[in-house]
Amino acid sequence: MSDAITVTLPDGKQLELAAGATVLDVAAEIGPGLAKAALAGKIDGQIVDLRAPILADAAVAIVTTKDETGGGGIRHSAEHVMADAVKRLFPNAQVDAGRTDHSEKFQYDFLVDEPFTPEDLEKIEKEMNKILSEGADFTREVLSRAEARALFSSMGEELKLSRLGDIPEDAEITVFRHGEFADLCRGPHVQSTKQIGAVKLLESSGTYFRGDESGPKLQRIYGTAFESKKALKSHLARLEEAKKRDHRRVGADLGLFHLDPLAPGSPFYLPKGMTLYNELIRFVQDLYPKYGYNEVMTPQLFRSDLFKTSGHYDKFHDDMYWFEGSDEGEELGVKAMNCPGHCHLFTTGLRSYRDLPIRWAEFSRLHRNERSGTLNGITRVRTFAQDDAHIYCEPEQVPEEIDSFFQMTAEIYDKLDVDGVEMAVSTRPDQFLGDPADWDVAEKALIDAVERAGFHCHIKEKDAAFYAPKVEADFKDVLGRAWTLATIQIDMAMPGRFGLKYVGRDGGLHQPAMLHRAILGSLERFIGIYIEHTGGDFPFWLSPVQVVILPIADRHAPRAHELKAALGAKGVRAEVDDRSETLGFRIREGQTQKIPLTLVIGDEEVERGTVSPRLRKSKQANDAMSVEALVEALALANAERRKAPLD
RNA sequence: GCCGACGUAGCUCAGCUGGUAGAGCAGCUCACUCGUAAUGAGCAGGUCGUCCGUUCGAGUCGGAUCGUCGGCUCCA
């Protein structure tokens with residue numbers, strides 16, 4: 001190790017420091033104000049603790065509250081303060097470990113005799129504030145394994161000792177302290193509890209040690225923390241806003257669907273929700289000829305033999321619905337996925353290389369016996385439909401099929417205004433089927449295809465199924481939760497299980513490659529996420545009610561109904577609101593129901609044969625236009641699936 | 001499925017330490033017939049999720065069960 005190191009700051013300036021200097025030293029070198037404000041550091045882009053030594057030449061940055069990642073250090077430190085508070089109030093509690101995810105929450109798990117009550121959370125939060133006002137500094141220590149073991153066993157922290165055992169032999173063991181409290185932790189932590197400006201505990205729930213259901217039950221507390229009370233307040237306000245977009249609430253307010261205890265996890269679609277559902281399907285269907293897909297429909301019920309062949313009978317048994325058929329010993333399964341049916345269908349005829357690629361799409365409803373605790377609104381349900389398709393092709397056709405899939409995906413997301421999608425390529429897990437070299441080729445092919453399609457790509461190491469590398473489109477909702485929309489997987493198992501064969505150019509029999517793919521994914525889930533993405537403010541072409549017509553007085557009602565009929569004749573979804581409410585009331589309702597276009601019909605419109613469209617977005621009446629021009633414009637907007645009714 | 005919280009009118013919620021239910025919005029009726037985000041009055045609406053128990057008496061206490069929500073796990 002050399003005696004001096006050079007660090008490069010974000011503005012390009014370089015500093016010479018003694019080896020082993022810390023990020024905090026760098027901050028102090030730049031200025032005392034920065035040193036005081038520093039929360040964490042970055043070495044070559046990696047978040048590190050301020051007190052971690054810089055071992056070699058590196059690019060160093062100081063993280064403060066101005067940095068988006070600054071909050072992570074604050075919340076991570078708040079975790080320790082929470083654990084400290086719990087230990088003070090419940091001396092018998094054993095601490096497990098805390099975690100700060102990329103959202104604005106932190107959590108910590110405890111082994112306690114009794115679950116925490118909401119009153120306990122209040123007490124803990126109070127104690128935390130007391131600790132914060134005490135203003136202790138966080139210190140970082142590097143310990144040997146034996147020292148760490150001695151420390152935690154003297155504290156009686158059995159879970160910690162167990163966690164200590166999980167740390168790889170060659171890894172450095174660090175302990176952070178503030179006041180009396182010490183915790184095994186990598187950091188980073190802020191300098192002082194004073195830098196944690198405001199904390200709030202959100203909720204508690206049960207969990208298991210290491211997520212193992214057979215292991216000890218722990219109690220988890222969630223909280224959030226910010227540099228100031230003001231920042232906390234605005235975060236809580238943002239959560240409130242997000243709640244207003246909750247698809248369950250919007251779905252009820254806009255009359256889209258109904259959820260009922262008589263059919264848990266199974267939505268009832270109301271007419272408006274059904275319009276949304278059908279329009280989405282029709283949109284995808286309209287693209288099928290362009291991308292060479294054909295729709296098929298396969299049975300809802302199959303004899304169990306099919307699922308024995310596919311392997312789902314064993315692997316997926318508890319997730320499916322099974323019952324006895326009318327014949328003795330006949331066991332039937334309700335289909336939970338389309339692939340076995342499609343594979344079977346493939347075998348019912350002799351396939352030639354000239355037939356390939358075969359792209360079979362199906363929108364059938366699927367049923368899965370999801371565990372009750374996993375159900376959530378319409379995003380996690382027991383019955384759903386996917387814009388599902390399976391592609392059978394010659395192995396060398398796979399790359400172009402993937403390209404075509406991404407093109408179609410980009411086209412669909414563009415029309416739907418779905419942005420911020422991140423493609424994730426999952427690489428092979430530790431246990432996998434096939435030749436590693438083949439996997440490398442397949443993984444590379446997927447990454448290249450993602451980039452060619454213009455999506456941002458990131459890698460999920462070892463996250464693929466054992467039989468197939470996959471690409472997923474991850475979409476973040478308003479609460480920062482990631483959802484999978486599109487997915488494409490290369491199946492290395494099913495063609496073999498079903499003995500799929502086609503006649504090649506050489507006259508011999510060959511096994512086709514098989515791809516699973518969906519773009520919207522589950523329609524139920526998509527609709528749920530899409531409601532939250534748009535707040536119910538759908539693009540014009542997708543709006544369940546596109547136009548609301550408001551006659552000012554009863555004498556204008558006949559014209560309003562004529563107009564509705566004229567629009568309906570051209571496929572425009574219009575409604576008349578001729579209730580004896582004030583005009584202001586009905587306009588307001590049209591707005592809150594997110595109807596894109598409002599038409600007020602009074603004497604002027606009746607006399608001149610015009611309308612004065614009020615766009616929801618612009619919130620004011622536009623210039624008058626003729627009825628004919630309006631009908632034509634809206635029909636065109638539908639045909640072209642436009643976001644706005646009028647340009 | 002597991003852990004926790006919750007379950008009162010279509011919706012949002014009130015109902016103190018047990019004495020058989022209340023508001024706002026929505027709905028219906030009537031009046032008003034209106035020019036771009038809430039007109040007024042009246043009426044109706046609940047076996048307090050369900051079942052069992054404690055009690056002279058339970059929306060209120062206890063148990064079970066169903067469901068919902070937040071997590072775990074799983075996943076489209």
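Naming: A, B, ... by sequence-line order, numbering from 1 per chain.
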- Query: Which of the following nucleotides, U68(B), A76(B), U73(B), is nearest to the side chain of Thr374(A)?
  - Reply: U73(B)
- Among U68(B), G35(B), A76(B), the one nearest any side-chain atom of Ser612(A) is G35(B)
- Message: Classify Thr598(A) by what it touches in the nucleic acid, base, sugar-phosphate, or nothing, heavy-atom distance under 4.0 Å.
- Response: nothing
- Item | Ring geometry between Tyr313(A) and His317(A) (parallel below 30°, tilted from 30 to 60°, perpendicular above 60°) | perpendicular
- In terms of side-chain heavy atoms of Ala553(A), which of U33(B), A37(B), G35(B) is nearest? U33(B)
- Task: Would you classify Glu524(A) as touching base, sugar-phosphate or nothing, given that sugar-phosphate means primed atoms plus P, OP1 and OP2, and contacts are heavy atoms under 4.0 Å?
- Result: nothing
- Task: Would you mind classifying the nucleic acid contact of Thr592(A) as base, sugar-phosphate or nothing, using non-hydrogen atoms under 4.0 angstrom?
- Result: base
- Are any of Thr582(A)'s side-chain N or O atoms less than 4.0 Å away from OP1 or OP2 of U39(B)? yes
- Which part of the nucleic acid, if any, lies within reach of Arg248(A) when heavy atoms closer than 4.0 Å are counted: base, sugar-phosphate only, or nothing? sugar-phosphate
- Could you tell me whether the side chain of Arg586(A) has a donor or acceptor atom within less than 3.5 Å of a complementary atom in the base of U36(B)? no
- Message: Can you tell me whether the side chain of Gln591(A) and the base of A38(B) have a donor-acceptor pair closer than 3.5 Å?
- Response: no
- Query: His390(A) vs Tyr392(A) aromatic rings, parallel, tilted or perpendicular, using cut-offs 30° and 60°?
  - Reply: tilted
- Spell out yes or no: do the side chain of Arg380(A) and the base of C74(B) have one donor N/O and one acceptor N/O closer than 3.5 Å? yes
- Task: Give Leu375(A) one of three labels, base, sugar-phosphate or nothing, depending on what nucleic acid heavy atoms sit under 4.0 Å from its own.
- Result: sugar-phosphate
- Side chain Arg368(A), main chain Thr383(A), donor-acceptor under 3.5 Å: no
- Would you verify whether the NZ or CZ of Arg248(A) falls within 45 degrees of the ring axis of Phe257(A) while also being under 6.0 Å from that six-membered ring's centre? no
- Item | Proximal nucleotide (of C34(B), A76(B), U36(B)) relative to the Phe384(A) side chain | A76(B)
- Item | Validation row, ring centre Trp483(A) to ring centre Tyr530(A) under 6.0 Å | no
- Task: For the pair Arg586(A) and Glu589(A), find out whether any cationic side-chain nitrogen is under 4.0 Å from an anionic carboxylate oxygen.
- Result: no
- Under 4.0 Å between any heavy atoms, over every strand shown, what does Arg249(A) touch: base, sugar-phosphate, or nothing? Just pick one. nothing
- Message: For a quick check of understanding: with a heavy-atom distance under 4.0 Å over all strands, which category does Glu581(A) fall into, base, sugar-phosphate or nothing?
- Response: base
- Less than 3.5 Å between a donor and an acceptor, one on the side chain of Glu605(A) and one on the base of G35(B), is that the case here? yes
- With a 4.0 Å cut-off on heavy atoms, is Ile587(A) in touch with a base, just the backbone sugar-phosphate, or nothing at all? base
- Write down the distance separating the P atoms in U36(B) and G24(B), rounded off to the nearest Å. 29 Å
- Does any N or O donor sit under 3.5 Å from an N or O acceptor when you compare the side chain of Arg220(A) with the base of C72(B)? no
- Task: Please work out if Thr484(A) contacts a base, only the sugar-phosphate, or nothing of the nucleic acid, heavy-atom cut-off 4.0 Å.
- Result: sugar-phosphate
- Query: Closest to the Arg614(A) side chain: U36(B), U73(B), A76(B)?
  - Reply: U36(B)
- Message: Under 4.0 Å, counting only non-hydrogen atoms across every strand here, what does Asn376(A) touch: a base, just sugar-phosphate, or nothing?
- Response: sugar-phosphate
- Across the strands shown, which category fits Gly602(A) at heavy-atom distances under 4.0 angstrom: base, sugar-phosphate, nothing? base
